[in-house]
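Letters go in sequence order (proteins before strands), and every chain restarts at 1.
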2 protein chains.
Amino acid sequence: MPKQTFYNLEKDKKDRLIEACLEEFSSYTFTDSSINRIIKNSDISRGSFYQYFENKEDCYMEILGMIAKEKYELFKDVVSDESHGVFDDYLNMLKQVRVWMEAQPRYYKIGLLMQKDDSDFIRKLNEKNPSMNDYFIYLIKKDQDKGFIRKDIDPYLLSEVLTSTSQKILLELFENKEYDLMIEKSKQIIHLLQNGTKVL
Amino acid sequence: MPKQTFYNLEKDKKDRLIEACLEEFSSYTFTDSSINRIIKNSDISRGSFYQYFENKEDCYMEILGMIAKEKYELFKDVVSDESHGVFDDYLNMLKQVRVWMEAQPRYYKIGLLMQKDDSDFIRKLNEKNPSMNDYFIYLIKKDQDKGFIRKDIDPYLLSEVLTSTSQKILLELFENKEYDLMIEKSKQIIHLLQNGTKVL
DNA sequence: AATACATATGACAGGGGTGTCATATGCCTA
DNA sequence: TAGGCATATGACACCCCTGTCATATGTATT
């Protein structure tokens with residue numbers, strides 16, 4: 001946890017510091033990020049930095065906390081309507097992530113970079129965060145009960161297919177921002193998953 | 001390209017050097033790998049290393065070249081039988097990668113680490129390597145001609161679904177080595193893709 | 001033996017990084 | 001005004017890294 005001095009900081013200085021951290025952590029992996037660059041870009045002395053944070057990890061955690069908070073603020077009002085099935089929720093999820101991505105591309109980038117870092121510290125963080133998988137599984141089971149999805153299909157398996165394809169789509173969306181195209185693609189994938197490839 | 005001195009090297013020394021390189025490059029990203037560790041582990045002096053290679057990139061390329069060669073040697077005799085459809089080839093691919101993975105886990109790991117490195121050098125290398133995508137697309141089109149797959153399905157799309165799921169499966173296979181389980185899983189995915197999720 | 005060439009070596013220059021600490025500055029209070 | 005506390009600061013110790021270069025050693029040829 002950051003020291004009290006960090007929270008006591010005057011707005012301008014704190015903002016400069018946070019800005020520099022965001023820039024750094026959205027440009028480099030946690031491992032490759034550098035306190036040196038952060039203090040240079042925020043024009044804060046080395047000693048001061050360590051007056052605010054224990055170390056780089058402490059600083060990173062604070063930034064992640066901030067991001068989580070903002071994410072919560074952005075989406076707390078989006079009360080999910082009664083689900084119309086996993087596939088519908090799949091599309092809704094895509095829409096939602098897009099809002100987040102456009103609102104805070106750097107935050108999203110930080111998430112992407114976290115997936116690339118193999119350090120113990122980041123690995124542990126990633127483990128704690130439950131993936132979309134669990135939620136999808138829950139929805140798939142509900143769909144099976146309602147008779148939308150065949151019961152012989154393993155919910156876990158289908159959920160994995162959904163997450164791995166959605167990850168790819170989200171990455172493309174992040175890289176070239178063709179939202180309508182990605183929605184179209186997702187709809188096609190859904191159609192494919194619903195109807196299969198077989199010629200009847 | 002490595003300098004002539006590298007190829008002139010006596011077997012033992014050369015082996016030690018290559019061994020240390022493999023260990024390094026399968027433990028660290030190209031960016032994070034260190035010549036220092038390589039020379040320490042192979043007991044070769046700093047000066048000598050630069051007598052063999054221009055720099056780290058040169059060294060890395062040589063190792064990649066070696067890997068490609070061995071891969072070719074291992075699979076050159078595996079003449080692919082006449083294709084029985086993409087899905088069959090999907091399974092065959094899995095079997096083949098497994099052979100490679102078990103034969104040379106470190107080589108496989110190097111490939112995985114390459115995907116995590118964002119440096120220009122590695123990005124350019126990755127771009128050159130054509131993915132399985134292209135091959136899958138080709139097979140899917142053939143299946144469509146033969147009437148195995150509906151013609152209204154976009155081959156590119158299906159190929160993307162296949163590659164993203166297979167990547168996940170290969171990663172799991174690499175991490176916990178439960179081959180039979182992974183084959184079973186793949187078969188289920190194929191079944192899912194062929195028949196869809198709809199209740200008929 | 002003398003020369004010439006190939007190879008080996010580690011000290012060195014110059015870059016980057018982290019965390020600490022003695023000291024300086026500002027500020028509040030007795 | 002003097003003391004005490006919070007905060008600021010950058011030099012410093014110590015670690016990592018890469019690429020170079022003068023020098024040393026080995027080896028073959030004349």
>> Distance under 4.0 Å to a non-hydrogen atom of chain B counts as contact; along DNA chain C, which nucleotides mark the start and end?
In response: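 Listed 5' to 3', the contact boundaries are C:dT7 to C:dA11.
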
Carboxylate-amine/guanidinium proximity below 4.0 Å for [X] and [Y]:
X	Y	answer
B:Arg123	B:Asp120	yes
A:Glu19	A:Lys14	no
A:Lys185	A:Glu172	yes

>> Would you call the rings of A:Tyr60 and A:Phe25 parallel, tilted or perpendicular, taking 30° and 60° as the class edges?
In response: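 A:Tyr60 and A:Phe25: perpendicular rings.
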
Kindly check if the number of other-residue, nucleotide or ligand heavy atoms within 6.0 Å of [atom1] ([X]) is above 12?
X	atom1	value
B:Lys141	NZ	no
A:Tyr7	OH	yes
A:Lys187	NZ	no

> Under 4.0 Å: is that the gap between some side-chain N or O of A:Asn8 and OP1 or OP2 of D:dT7?
Replying inline: yes

Which is true for [X] with a 4.0 Å heavy-atom rule: it touches a base, it touches only sugar-phosphate, or it touches nothing?
X	answer
B:Lys13	sugar-phosphate
A:Tyr52	sugar-phosphate
B:Ser34	sugar-phosphate
B:Thr5	sugar-phosphate

Rounded interatomic separation in angstrom, taking [atom1] from [X] and [atom2] from [N]:
X	N	atom1	atom2	answer
B:Asn36	D:dT20	CG	C1'	14 Å
B:Asp58	D:dG19	CG	P	11 Å
B:Glu54	D:dT18	CD	C1'	14 Å
B:Arg46	D:dT18	CZ	P	6 Å
B:Lys56	D:dC17	NZ	P	10 Å
A:Ile44	D:dT7	CD1	P	14 Å
A:Tyr50	D:dA13	OH	C1'	13 Å

